[in-house]
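In what follows, a single structure is set out as C-alpha cells and then discussed.
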Amino acid sequence: MTSSSNRGGAIGLAALLLAGGCSDDGPAAPAPLPPLVTDAIPAGFPARTAAARAPADNALTEARAQLGKRLFFDKRLSRTGEVACASCHRQEYAFADPDPVSRGVDGRLGQRNAPALVNLAWGESFFWDGRAATLEEQVGKPIENPDEMDLPLAEAVARVAGEDVYVKAFKDAYGGPPGEEPLRHALASFVRSIVSADSPFDRHRRGDDTSFGDAERRGEALFLTERAGCFHCHPSGMLTNEGFFNNGTYLDGGDVGRQVITGRTGDLGKFKVPGLRNIAASAPYMHDGSLATLEEVVDHYDRGGLGHFSTDPQIDELGLSPDEKADLVAFLRSLTDPAFLDDPRYRP
Ligand code: HEC
Ligand code: HEC
C-alpha cells in the first residue's frame, strides 16, 4: 500500500466521521427541512387543514407529498424528457408561468395562461373552466396533453418504475409498486401541500400591521366594499368564492371558458375565480395572460371590462381616481408572501 493511498484512506475516514456529526469542528450538516405537510390552519382559512381537505382514498402524508414533489420536478414525465410540471409552474412566480401561454414538448404553445398553484387544497374545482373536480383527476391531464407533456400515463409509470429510488418512494407512500393511480395521487398530494398564508395581508388579519400601511388599508377598504366591489368574487379569506364569472375578458370569437363544459348559454366567457395570494408574482393575468401588470388589471375593472354583453352585471365602470387605483394596487401587492416564494421545502 502506498503512502498516498494510505492518506486517502485516512481522509475518507475523517470525512465519514464528520458526516456522522462526531466532530464539533466539522462543517455544519444542512439543517433538515421542515415537513411539507403540517397541521396548521392559516388564520382566515376555512377551518380545516390542507390534510383534512384530502379525499378519503388519498390521505395527505409527508411520504406522499415528497414523492409528488420528486415527480413534479421530473422531466421524464414528458415524451421528450424536456418538460416537467415545474417548467410551467415555477415557484418564484407562485408556481405560475411568466409567459402568457406556456410551451410544452417540442415548443408547442398551449391555449391558456398557467395559473398559480397556491392554496389549492381548499379549491373546489380545477382548471380555468373547472373541468376537473379533484386534484387527483387534474394532475394526470397535463402529462397526457399533447401540447404539454404528451406522455401516456402508463409510459410515465414505466419510466419511473425502473428506478430504485422511485420504487422505494412509492412503496413508502402507497405500500405498492409505481402505478397510474399512486402517481396521480402523489402529484395531487404535493400540490395540496403548497400553502401560502404569511403575506402582510395575512399578518394584518392576525393583528400585525408592521408591513400593512395606509395605502394598503385604503386599498383593502376599496376591495372589500361596494366602492370597487372586488369582494363579491374575491371575498376576504381565500380571496375566491370558487365560482365561475365573466369578468369582462371575453370578446366574440374568444375562449368561451365554462360554456364548453356545461353547454349553457349563460356560461359564455365565464372562468374560475382565482384566489389572489402572491398575485404580484404571477403576472401576466387572466386565463389568456392578456393583462401584463396589476395596474392593467385595475384599469380593466375600472372601465368595466371589455364591454361584451355577456359580462357579469357586477363588473361595471368604477370611476376610480388615480390615487384609488394606486391604493388598490398597493393592497394587491400586500398579498405577496416572500417566504413562500423562496421556501426551500418546495425546491427540487
Ligand atoms: C406546458 C405547461 C404546463 C405543464 C408542463 C403543466 N401545466 Fe399545469 N397548467 C398549465 C396550464 C396552461 C393550466 C391551465 C389550463 C386550463 O385551465 O385549461 C394548468 C393548470 C393546472 C392546475 C389547475 C390550477 C387551478 O387553479 O385550477 C394544476 C393543479 C396544475 N396545472 C398542476 C400541474 C401538474 C401537477 C403538472 C405536472 C404533472 C402540470 N400542471 C404541468 C400549464 C402546464
Ligand atoms: C364578478 C366577479 C368578479 C369581480 C367583482 C372581480 N373579479 Fe377579479 N376575477 C374574476 C374572474 C372570473 C377572474 C378570472 C378571469 C379570467 O381569467 O379571464 C378574475 C381575475 C382577477 C385577477 C387575475 C388573477 C390571475 O391569476 O390572473 C386579479 C388580479 C383580479 N381578478 C382582481 C380583482 C380586483 C382588484 C377586483 C375589484 C376591482 C376584482 N378582481 C373583481 C372575477 C371577479
Side-chain angles (χ1 to χ4, degrees), residues 68 71-75 77-78 83-89 94-97 99 101-105 108-120 123 125-132 135 138-145 147-151 156 183-184 187-188 190-192 194 219 222-223 227-234 239-241 243-250 254-255 257-258 260 269-276 278-280 282-291 294 296-298 300-302 305 311-316 318 320 325 328-329 331-332 335:
L71 292 162
F72 191 86
F73 287 96
D74 195 335
K75 295 184 173 172
L77 297 193
S78 64
V83 180
C85 308
S87 309
C88 300
H89 297 287
F95 293 99
D97 188 336
D99 290 336
V101 294
S102 308
R103 269 174 204 285
V105 291
R108 291 182 198 159
L109 288 177
Q111 312 284 316
R112 291 179 179 162
N113 182 241
L117 307 182
V118 179
N119 300 338
L120 291 180
S125 67
F126 306 95
F127 287 124
W128 283 107
D129 50 22
R131 66 187 181 280
L135 283 173
Q138 195 287 330
V139 295
K141 308 283 185 198
I143 300 178
E144 299 204 306
N145 185 329
D147 290 333
E148 297 186 332
M149 300 161 88
D150 196 26
L151 191 71
L183 179 130
R184 283 189 294 101
L187 280 165
F190 174 59
V191 173
R192 205 166 267 127
I194 303 177
L222 292 166
F223 192 93
R227 178 72 189 97
C230 315
F231 73 100
H232 287 296
C233 298
H234 303 283
L239 301 167
T240 167
N241 61 8
F244 297 90
F245 292 87
N246 179 327
N247 72 338
T249 56
Y250 178 77
D255 185 339
R258 184 72 176 157
V260 168
K270 287 188 182 173
F271 293 92
K272 190 179 77 163
V273 178
L276 302 179
N278 301 293
I279 193 71
S282 69
Y285 303 109
M286 307 301 170
H287 69 278
D288 51 3
S290 57
L291 301 178
L294 289 175
E296 285 182 26
V297 170
V298 168
H300 168 90
Y301 283 111
D302 185 51
T311 304
D312 192 280
Q314 295 171 103
I315 305 294
D316 206 356
L318 296 173
L320 297 170
K325 288 183 183 179
L328 257 185
V329 170
F331 172 69
L332 292 170
L335 305 174

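All residue numbers refer to positions in the sequence shown, counting from 1. Bear in mind that the values here come from a model prediction, so they are computed numbers and not experimental data. We count ligands from 1, going down the list as the structure has it; atoms in each ligand are counted the same way.
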| What is the closest protein heavy atom to atom 11 (C) of ligand 2, and at what distance does it sit? | Asn247 ND2, 3.6 Å
| Going by the atom numbers of ligand 1, which of them fall below 4.0 Å from some non-hydrogen atom of Leu117? | 22 (C), 24 (C), 28 (C), 29 (C), 30 (C), 32 (C)
| remark: Of Arg103, Glu144, His89, Arg112, the residue with the heavy atom nearest atom 8 (Fe) of ligand 1 is His89
| said: Please report whether ligand 2 has a polar contact with Tyr285, defined as an N or O pair separated by less than 3.5 Å (distance criterion only). | reply: no
| task | Please tell me if the side chains of Phe223 and His234 come closer than 4.5 Å, counting only heavy atoms from C-beta onward. | result | yes
| Donor-acceptor contact present, side-chain Asn241 to main-chain His232, <3.5 Å | yes
| request: Start with the C-alpha distance between Ile194 and Leu120, add both sets of side-chain angles, then the distance that settles side-chain contact (heavy atoms from CB on, under 4.5 Å), and finish with yes or no. | output: CA-CA 8 Å; Ile194 303 177; Leu120 291 180; over 6 Å; no
| task | For Ser102, counting its heavy atoms only, list the atoms of ligand 1 lying under 4.0 Å from any of them. | result | 1 (C), 2 (C)
| field | Test item: Asp99 side-chain N/O and Val101 main-chain N/O as donor-acceptor pair under 3.5 Å | value | no
| task | Enumerate the atoms of ligand 1 whose separation from the nearest heavy atom of Leu120 is less than 4.0 angstrom. | result | 24 (C), 26 (O), 29 (C)
| request: State the atoms of ligand 2, each with its element, that fall below the 4.0 Å cut-off from a heavy-atom position in His287. | output: 16 (C), 17 (O), 18 (O)
| Do Asp150 and Arg108 touch side chain to side chain, with heavy atoms closer than 4.5 Å? | yes
| field | Which residue and heavy atom of the protein sit nearest atom 34 (C) of ligand 1, plus the separation | value | Cys85 SG, 3.5 Å
| request: Evaluate whether atom CZ of Arg112 has more than 12 neighbouring non-hydrogen atoms of other residues, nucleotides or ligands under 6.0 angstrom away. | output: yes
| task | Would you mind checking which non-hydrogen protein atom is closest to atom 9 (N) of ligand 2, with the distance to 0.1 Å? | result | Tyr301 OH, 2.7 Å
| said: Using a 4.0 Å cut-off to any heavy atom of Ala84, which atoms of ligand 1 qualify? | reply: 5 (C)
| Can Asn113 and Asp288 be said to form a side-chain contact (heavy atoms from CB on, under 4.5 Å), step by step? | CA-CA 5 Å; Asn113 182 241; Asp288 51 3; over 6 Å; no
| Do Leu151 and Glu144 have side chains that get closer than 4.5 Å, going by heavy atoms? | no
| query | Relative to the ring of Phe72, is the ring of His89 parallel (under 30°), tilted (30 to 60°) or perpendicular (over 60°)? | reply | tilted
| said: I'd like to know if Val297 contacts ligand 2, where contact means a heavy-atom distance under 4.0 Å to any ligand atom. | reply: yes
| query | Do the side chain of Ser78 and the main chain of Met149 share a donor and acceptor less than 3.5 angstrom apart? | reply | no
| Which of the ligand 2 atoms, numbered from 1, are nearer than 4.0 Å to a heavy atom of Gly229 | 5 (C)
| said: Just to check, does Gln111 reach to within less than 4.0 Å of ligand 1 when the distance is taken from its heavy atoms? | reply: no
| At a non-hydrogen distance cut-off of under 4.0 Å, which region of Trp128 contacts ligand 2 (side chain, backbone, both, or neither)? | side chain
| Asp302, portion touching ligand 2 at heavy-atom distance under 4.0 Å | neither
| query | Has Gln111 got more than 12 heavy atoms of other residues, nucleotides or ligands less than 6.0 Å from its CD? | reply | no
| query | Quick one: does Trp128's side chain have a donor or acceptor within less than 3.5 Å of a partner on Arg258's backbone? | reply | no
| At a 4.0 Å threshold, what atoms of ligand 1 neighbour a non-hydrogen atom of Val83? | 5 (C)
| task | Give a yes/no verdict on whether any heavy atom in Pro115 is under 4.0 Å from an atom of ligand 2. | result | no
| note | among protein heavy atoms, the one nearest atom 29 (C) of ligand 1 is Gln138 OE1, 3.2 Å
| Subset of ligand 1 atoms that lie under 4.0 Å from at least one heavy atom of Gly104 | 1 (C)
| note | Among non-hydrogen protein atoms, atom 15 (C) of ligand 1 lies closest to Phe127 CD2, 3.6 Å
| Would a 4.5 Å heavy-atom cut-off, applied to side chains only, mark Leu335 and Asn278 as touching? | no
| said: With heavy-atom distances below 4.5 Å as the criterion, would you say the side chains of Phe126 and Lys272 are in contact? | reply: yes
| task | Identify, by atom number and element, the atoms of ligand 2 in contact range of Ile315, meaning under 4.0 Å from any of its heavy atoms. | result | 1 (C), 3 (C), 4 (C), 5 (C)
| note | Residue, atom and distance of the protein heavy atom nearest atom 14 (C) of ligand 2 read Pro274 CD, 3.7 Å
| Whether Asp147 side chain and Gly110 backbone form a donor-acceptor pair below 3.5 Å | no
| Under 4.0 Å from any heavy atom of Ala228, which atoms of ligand 2 are there? | 37 (C), 38 (C)
| task | Answer with side chain, backbone, both or neither: which part of Leu77 has a heavy atom less than 4.0 angstrom from an atom of ligand 1? | result | neither
| request: Can you figure out which of Lys75, Arg131, Glu148, Met149 has its heavy atom closest to atom 10 (C) of ligand 1? | output: Glu148
| query | Out of Met286, Lys272, His300, His232, whose heavy atom is nearest to atom 22 (C) of ligand 2? | reply | Met286
| task | Do me a favour and list the nearest non-hydrogen protein atom to atom 25 (C) of ligand 2 with residue, atom name and distance? | result | Ile279 CD1, 3.8 Å
| Can you tell which of Ala116, Ser282, Ala114, Cys230 gets a heavy atom nearest to atom 38 (C) of ligand 2? | Cys230
| Closest non-hydrogen atom pair, Ala114 against Cys88 | CB-O, 3.8 Å
| ligand 2 contact on Lys270 by region, counting heavy-atom pairs under 4.0 Å | neither
| Of all the non-hydrogen atoms in the protein, which one sits nearest to atom 4 (C) of ligand 2, and at what distance? | Cys233 SG, 3.5 Å
| note | If we number the atoms of ligand 1 from 1 as shown, the ones under 4.0 Å from a heavy atom of Cys88 are 1 (C), 2 (C), 3 (C), 4 (C), 5 (C), 42 (C), 43 (C)
| message | With heavy-atom distances below 4.5 Å as the criterion, would you say the side chains of Leu320 and Tyr301 are in contact? | response | no
| note | ligand 2 atoms nearer than 4.0 angstrom to some heavy atom of Gln314 are 1 (C)
| Numbered atoms of ligand 1 (with element) below 4.0 Å of Ile143, judged on heavy atoms | 38 (C)
| field | Heavy atom of the protein closest to atom 41 (C) of ligand 1 (residue, atom name, distance) | value | Pro142 CB, 3.4 Å
| field | Phe245 vs Gln314, side-chain contact (heavy atoms from CB on, under 4.5 Å): CA-CA, chis, key distance, verdict | value | CA-CA 10 Å; Phe245 292 87; Gln314 295 171 103; 3.9 Å; yes
| query | Where the side chain of Thr240 meets the backbone of Val273, is there a donor-acceptor pair that is under 3.5 Å apart? | reply | yes
